[in-house]
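Below is one structure, written out as structure tokens, with a few remarks after it.
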Amino acid sequence: MTAMPKISIGRGVRALMVGLFVGLVTTVAAPTAEAQDDRSNCADCHFANPYTEPAQDHLQEWSRSPHGRNNVGCERCHGGDPATFERLQAHQDVLGGFNPSSPVHRDQLPATCGTCHAGPYVAYQSSRHHALLASGDRRVPVCTTCHGTVGANLLSPAGLERQCASCHGPEGVAPRPGRAEGARLLLDGIADVRESLKAAQRMIERVRDDDRQAAFEEQYQQAEVPLIQARQAGHRFVFDDLEERLATARARTAALLAALVNP
Ligand code: HEC
Ligand code: HEC
Ligand code: HEC
Ligand code: HEC
Ligand code: HEC
């Protein structure tokens with residue numbers, strides 16, 4: 001978390017230096033490993049021109065997100081040529097998000113994210129929402145509904161419930177409040193079990209005896225499997241399955257923590 005602002009400032013400053021003091025940069029700033037790996041010029045130019053370019057919040061979110069941290073550049077979602085610093089050339093096949101052919105338009109978005117995240121995409125494709133999206137209903141939830149535009153953050157459980165209730169609440173097109181509630185359960189429940197598992201992991205790391213540690217690791221994995229399955233059920237919007245898996249994950253995690261506390 002503390003590294004977040006550093007990344008964006010670093011990028012902005014680096015880009016400014018490239019722009020203003022091309023000669024100086026090589027002698028002043030020793031490039032870091034991260035900078036050498038990062039071959040996308042999109043972000044550098046966008047950070048260097050914060051007042052003339054759109055979507056500043058989006059840039060900040062990107063630099064904090066798992067994508068920014070793992071050098072998943074702008075072009076991976078927007079298209080364009082990341083190798084050049086020429087704006088027109090870089091933007092050659094970049095379309096605005098409102099254009100239905102843009103890879104970040106709602107119609108295309110699940111497939112765009114799905115090029116790298118096949119599991120969630122395949123699961124999503126089996127849902128009614130996907131069919132509705134394909135038939136032109138653009139209000140249904142897509143990946144960014146829950147993950148934000150750059151996959152940086154999960155919506156708050158209550159916020160998501162409200163969003164789903166716009167269709168599944170009493171006044172909505174497909175009223176069934178259990179569905180909106182199911183979304184809250186998904187986020188709350190998963191976050192909860194994940195926190196407990198993290199606590200367990202820290203305790204396992206401190207176990208001195210190798211055999212006991214290995215046994216606990218095994219138990220940890222047994223608890224994590226149903227959590228991963230719950231996540232998959234969530235991406236399919238099959239909440240019965242989700243609840244069942246989550247309950248199993250919760251019970252196994254509780255048993256693991258109990259064993260760690262009372263050896
Ligand atoms: C040399 C600077 C520069 C580079 C390099 C650059 N951009 Fe831009 N970008 C801009 C500016 C300035 C704007 C706003 C004016 C415009 O649309 O041209 C912009 C606008 C955009 C928009 C909004 C387009 C719209 O129609 O609403 C997107 C999306 C975008 N850039 C993505 C990218 C991607 C992806 C790359 C890399 C492949 C990239 N940019 C490279 C400067 C740059
Ligand atoms: C993980 C995918 C992803 C990445 C990576 C990403 N974006 Fe976006 N971007 C989106 C989505 C989704 C939208 C929202 C489109 C909409 O308004 O529906 C968006 C919107 C935008 C917009 C607003 C204008 C438009 O086209 O709608 C700009 C400008 C933009 N992004 C630039 C960038 C830049 C610059 C980077 C790199 C620093 C970047 N994006 C990285 C997915 C991404
Ligand atoms: C070019 C490949 C690529 C694209 C396109 C892409 N991602 Fe990612 N995504 C990654 C990588 C790499 C990571 C970081 C490594 C990891 O956690 O798997 C990541 C991480 C994530 C994470 C965090 C995963 C975790 O385990 O914490 C989420 C959530 C996510 N992406 C959602 C999205 C969404 C939503 C979109 C579309 C808007 C998208 N991604 C588009 C490559 C991509
Ligand atoms: C209804 C909300 C919701 C929607 C819609 C959604 N996700 Fe997720 N996603 C989640 C939750 C909750 C998690 C689990 C987070 C955790 O484990 O802490 C998750 C986890 C992930 C992860 C990391 C773990 C994994 O399974 O790989 C990725 C990547 C991801 N989602 C991508 C996507 C993509 C791509 C889409 C669209 C096809 C999508 N998500 C749609 C809620 C959603
Ligand atoms: C724009 C309207 C709309 C929004 C927003 C919406 N849904 Fe739906 N959803 C529908 C429609 C329409 C159906 C299909 C008709 C039905 O099953 O009653 C559906 C079906 C479902 C189903 C049944 C499973 C399936 O694939 O058949 C679940 C579960 C569900 N939605 C959950 C959610 C959740 C969770 C959210 C919020 C992340 C959400 N919905 C947001 C319109 C919406």
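Numbering of residues begins at 1 and proceeds along the displayed sequence. Start at 1 and go down the list; that is how both ligands and their atoms are numbered.
- For H58, the closest heavy-atom approach to ligand 2 falls below 4.0 Å.
- The closest protein non-hydrogen atom to atom 28 (C) of ligand 4 is P120 CG, 3.9 Å.
- Considering backbone and side-chain N/O of H78, one or more are found under 3.5 Å from N/O of ligand 2.
- Looking at heavy atoms from C-beta onward, H91 lies out of side-chain contact with D81 at the 4.5 angstrom threshold.
- Within the 4.0 Å heavy-atom criterion, neither part of Q232 lies near ligand 4.
- Within a 4.0 Å radius of atom 23 (C) of ligand 4, the protein contributes no non-hydrogen atoms.
- Near A174, the atoms of ligand 5 lying under 4.0 angstrom from a non-hydrogen atom of the residue are 11 (C), 12 (C), 18 (O).
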(request) Quick one: do F237 and H129 satisfy ring-ring contact (aromatic ring centres under 6.0 Å, His included)? Show the steps, please. (result) CA-CA 9 Å; F237 289 92; H129 293 141; 4.5 Å; yes

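- Centred on atom 8 (Fe) of ligand 4, the NE2 atom of H147 and the NE2 atom of H235 lie at an angle of 180°, reported to 10°.
- If you check each of W62, F47, F98 against atom 5 (C) of ligand 2, the one with the closest non-hydrogen atom is W62.
- The N/O atoms of R231, backbone and side chain alike, include one that comes under 3.5 Å of an N/O atom in ligand 4.
- Looking at ligand 5, you'll find an N or O of H168 within less than 3.5 Å of one of its N or O atoms.
- Near L59, with a cut-off below 4.0 Å to any heavy atom, the atoms of ligand 2 are 34 (C), 35 (C), 38 (C).
- When non-hydrogen atoms are compared, ligand 4 lies under 4.0 Å from the backbone of V142 (N, CA, C, O) but not from its side chain.
- Ranking the protein heavy atoms by distance from atom 29 (C) of ligand 4 puts H117 ND1, 3.2 Å first.
- Under 4.0 angstrom from ligand 4, there are no non-hydrogen atoms of P141.
- Of the protein's non-hydrogen atoms, the one nearest atom 17 (O) of ligand 4 is R194 NH2, 3.1 Å.
- At the shortest separation from atom 11 (C) of ligand 4 among protein heavy atoms lies L154 CD2, 4.0 Å.
- Among all non-hydrogen protein atoms, the one lying nearest atom 12 (C) of ligand 4 is L187 CD1, 3.6 Å.
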(request) Quick one: do Y124 and H130 satisfy ring-ring contact (aromatic ring centres under 6.0 Å, His included)? Show the steps, please. (result) CA-CA 7 Å; Y124 178 81; H130 182 259; 5.7 Å; yes

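- Between N99 and H105, every side-chain heavy-atom pair lies at or beyond the 4.5 Å cut-off.
- Close approach of ligand 4 to C146 (heavy-atom distance below 4.0 Å) involves ligand atoms 1 (C), 2 (C), 3 (C), 4 (C), 5 (C), 42 (C), 43 (C).
- Listed here is the closest heavy atom pair of L160 and A183: CD2-CB, 3.6 Å.
- Ligand-side atoms of ligand 4 in range of Y124: 38 (C), range being under 4.0 angstrom from any heavy atom.
- Within the 4.0 Å heavy-atom cutoff, C42 does not count among the residues contacting ligand 2.
- Heavy-atom proximity to I190, at under 4.0 Å, picks out these atoms of ligand 4: 16 (C), 17 (O), 18 (O).
- Counting only heavy atoms of the protein, atom 34 (C) of ligand 4 lies nearest to C143 SG, 3.5 Å.
- Which of A180, G172, C164, P175 comes nearest to atom 38 (C) of ligand 5 through a heavy atom is settled by distance: it is C164.
- Short contacts between ligand 2 and C77, defined as distances under 4.0 Å to a heavy atom of the residue, involve ligand atoms 1 (C), 2 (C), 3 (C), 4 (C), 5 (C), 42 (C), 43 (C).
- At least one side-chain heavy atom of Q201 sits under 4.5 Å from a side-chain heavy atom of E217.
- On a distance-only criterion, R179 and ligand 5 share at least one N/O pair closer than 3.5 Å.
- Taking every non-hydrogen atom of G97 and a distance limit under 4.0 Å, the qualifying atoms of ligand 2 come out as 25 (C), 26 (O), 27 (O).
- Using a 4.0 Å cut-off between heavy atoms, L160 contacts ligand 5 through its side chain alone, with no backbone atom that close.
- Checked by distance only, ligand 5 and T145 stay at 3.5 Å or farther apart across all their nitrogen or oxygen atoms.
- Proximity to L109 (heavy-atom distance under 4.0 Å) selects the following atoms of ligand 2: 12 (C).
- Taking backbone and side-chain atoms together, H129 has an N/O/S atom less than 2.8 Å away from atom 8 (Fe) of ligand 5.
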